[in-house]
S.K.: 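This is the structure I have questions about; it appears just below.
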Amino acid sequence: MTVPGPLTDPVQARRVRRFWPLISGVIAVLLAAAIGLIIALRDNGAPTEIDTDWMDEIIEHRSPIWTVPSLFMNYLGGGIVGVFVVPIAVIVALLLFRRRWAALYFLIASVLSAGLVQLLKATFGRARPSEILVSADFGSFPSGHTANAATIAVCLAIVFPRVWVWAAGAAYVVLMLLSRTYLGAHWLTDTLAGMLIGAGVAVIVWAPFAVKLWEERAKPHRFVWAKPRASTSGGGAA
């Protein structure tokens with residue numbers, strides 16, 4: 001992968017194309033809201049056929065083997081840990097490696113994603129499945145856990161555009177989606193909408209930061225406490 005150079009030339013800066021990613025992010029968020037509206041108009045938020053079929057399949061395969069990791073994902077992706085500890089840990093890590101613009105980008109994306117999720121929860125007020133295995137507040141649509149996971153995954157994949165980062169992020173989002181439906185905390189459509197919101201917000205917020213993030217990637221990044229290397233002279237022996 002080619003290391004980007006500084007975008008000092010306005011023509012070169014425009015090559016960091018933001019228009020279509022921005023449009024795709026807006027479409028993703030609007031699609032999630034449209035899903036919520038359709039569900040709300042369907043018998044006061046009643047589950048769709050895909051929701052009930054998926055939940056029946058999940059309940060049939062419940063066992064301690066899957067319950068334990070699902071409960072861990074529930075702990076990791078929500079509450080104080082998911083909303084504060086994990087995002088703060090990511091921000092601190094970015095700052096320690098002198099990725100200040102990336103840290104600011106991630107902070108804004110995380111706050112906006114969480115805020116939008118809460119707004120849609122209050123707007124649609126969908127009831128959670130009756131088969132729920134964990135304690136949760138009211139408001140099933142959309143899934144905040146899945147939205148948080150998607151925001152983290154997409155933000156880190158944008159900051160560190162490597163195949164393994166994308167793969168790890170995708171796996172994390174899928175595992176979160178599966179765990180939320182396995183625990184009966186959400187219908188499948190709740191998690192799909194959460195995924196769209198998290199990814200969409202991450203891309204939307206990326207647009208105004210694109211050039212700064214591109215330039216920041218071009219700089220050598222050492223740990224904040226790393227000692228600078230001592231320069232060596234090229235003189236020969238006398």
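These figures come from a predicted structure and were not determined experimentally. Throughout, numbering of the chain's residues begins at 1 and tracks the sequence.
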S.K.: May I ask whether Trp66 and Val174 are part of the same hydrophobic cluster, defined by side-chain heavy atoms of I, L, V, M, F, W, Y residues being less than 4.5 angstrom apart, directly or through others?
M.R.: yes
S.K.: Does a side-chain heavy-atom distance below 4.5 Å link Trp187 with Ile39?
M.R.: no
S.K.: Heavy-atom distance under 4.5 Å between the side chains of Leu22 and Trp206, does that happen here?
M.R.: no
S.K.: Does any part of the side chain of His186, heavy atoms only, come nearer than 4.5 Å to the side chain of Pro129, both counted from C-beta?
M.R.: no
S.K.: Do Tyr172 and Leu76 have side chains that approach each other closer than 4.5 Å (heavy atoms only, starting at C-beta)?
M.R.: yes
S.K.: Donor-acceptor check, side chain of Lys121 to backbone of Gly139, threshold 3.5 angstrom: yes or no?
M.R.: yes
S.K.: By the definition side-chain contact (heavy atoms from CB on, under 4.5 Å), identify the one residue from Leu94, Leu213, Leu104 that meets it with Arg99.
M.R.: Leu94
S.K.: So which atom in Val134 and which in Ala185 form the shortest heavy-atom distance, rounded to 0.1 Å?
M.R.: CG2-CB, 4.3 Å
S.K.: According to a hydrophobic-cluster definition based on side-chain heavy atoms being under 4.5 Å apart (Ile, Leu, Val, Met, Phe, Trp, Tyr only), do Phe160 and Val90 belong together?
M.R.: yes
S.K.: Just by modelled atom types, is the Asp137 backbone N or O under 3.5 Å from a matching donor or acceptor in the Arg128 side chain?
M.R.: yes
S.K.: Look up atom CG in Leu112 and atom CG in Leu119, then write down how far apart they are to the nearest 0.5 Å.
M.R.: 11.5 Å
S.K.: Checking side-chain contact (heavy atoms from CB on, under 4.5 Å) between Val29 and each of Leu120, Leu116, Val203, Leu196, which is the one that passes?
M.R.: Leu116
S.K.: Inspect the surroundings of CD1 in Ile80 and state if more than 12 heavy atoms from other residues, nucleotides or ligands are less than 6.0 Å away.
M.R.: no
S.K.: In Å, rounded to the nearest 0.5 Å, how long is the span from OG of Ser140 to CG of Asp51?
M.R.: 8.5 Å
S.K.: Within this structure, what is the CD1-CG distance for the pair Ile197 and Leu192, rounded to the nearest 0.5 Å?
M.R.: 11.0 Å
S.K.: Any sub-3.5 Å donor-acceptor pair from Glu131's side-chain atoms to Ile59's backbone N or O?
M.R.: no
S.K.: Would Glu216 and Arg98 count as a side-chain contact (heavy atoms from CB on, under 4.5 Å) here? Give the steps.
M.R.: CA-CA 9 Å; Glu216 194 172 54; Arg98 305 178 191 275; over 6 Å; no
S.K.: List in chain and number order the residues that pass salt bridge (charged side-chain N to carboxylate O under 4.0 Å, His left out) with Asp56, two or more places apart in sequence or in another chain; answer none if no residue qualifies.
M.R.: none
S.K.: First locate atom OG1 of Thr146, then atom CG of Leu175, and finally report the distance between them rounded to the nearest 0.5 Å.
M.R.: 11.0 Å
S.K.: Can you measure from CD1 (Ile152) to OG (Ser110) and round to the nearest 0.5 angstrom?
M.R.: 6.5 Å
S.K.: On a heavy-atom basis, which atom in Ser70 and which in Leu183 lie closest, and how many Å separate them?
M.R.: O-CD1, 3.5 Å
S.K.: Can you see which heavy atom on Pro87 is nearest to which on Phe106, and at what distance?
M.R.: O-CE2, 3.5 Å
S.K.: Following the transitive rule for hydrophobic clusters with a side-chain heavy-atom cut-off under 4.5 Å over Ile, Leu, Val, Met, Phe, Trp and Tyr, establish whether Tyr182 and Met176 coincide in one cluster.
M.R.: no
S.K.: Go through the side-chain N and O atoms of Asn148 and Thr151 and say whether any donor and acceptor fall under 3.5 Å apart.
M.R.: no
S.K.: For atom CD1 of Ile50, decide whether the heavy atoms of other residues, nucleotides or ligands shown that lie under 6.0 angstrom number more than 12.
M.R.: no
S.K.: Keeping the roles fixed (side chain from Tyr105, backbone from Ala202), state whether a donor-acceptor pair exists under 3.5 Å.
M.R.: yes
S.K.: Are Pro47 and Arg126 side-chain neighbours, meaning at least one heavy-atom pair lies under 4.5 Å?
M.R.: yes
S.K.: Check for me, please, whether Val154 and Leu107 land in the same ILVMFWY cluster - side-chain distances under 4.5 Å, paths through other members count.
M.R.: yes
S.K.: I want to check something: taking the side chain as every heavy atom from C-beta on, are Ile108 and Phe209 in contact at a cut-off of under 4.5 Å?
M.R.: yes
S.K.: Are the side chains of Ser179 and His145 in touch, meaning some heavy atoms are under 4.5 Å apart?
M.R.: no
S.K.: Do Arg180 and Asp190 sit within salt-bridge range, that is, some charged N less than 4.0 Å from a carboxylate O?
M.R.: no
S.K.: Looking at Ala109, is its backbone amide N or carbonyl O close enough to the side chain of Ser113 to form a donor-acceptor pair, meaning the two atoms are under 3.5 Å apart?
M.R.: no
S.K.: Tell me whether Val81 is reachable from Val173 by hopping between hydrophobic residues (I, L, V, M, F, W, Y) whose side-chain heavy atoms are closer than 4.5 Å.
M.R.: no
S.K.: Does the plane of the ring in Phe124 sit parallel, tilted or perpendicular to the ring in Phe141? Use 30° and 60° as the thresholds.
M.R.: perpendicular
S.K.: What residues form a side chain to side chain contact (heavy atoms under 4.5 Å, CB included) with Thr181, not counting sequence neighbours?
M.R.: Trp54, Ile58, Leu188, Thr191
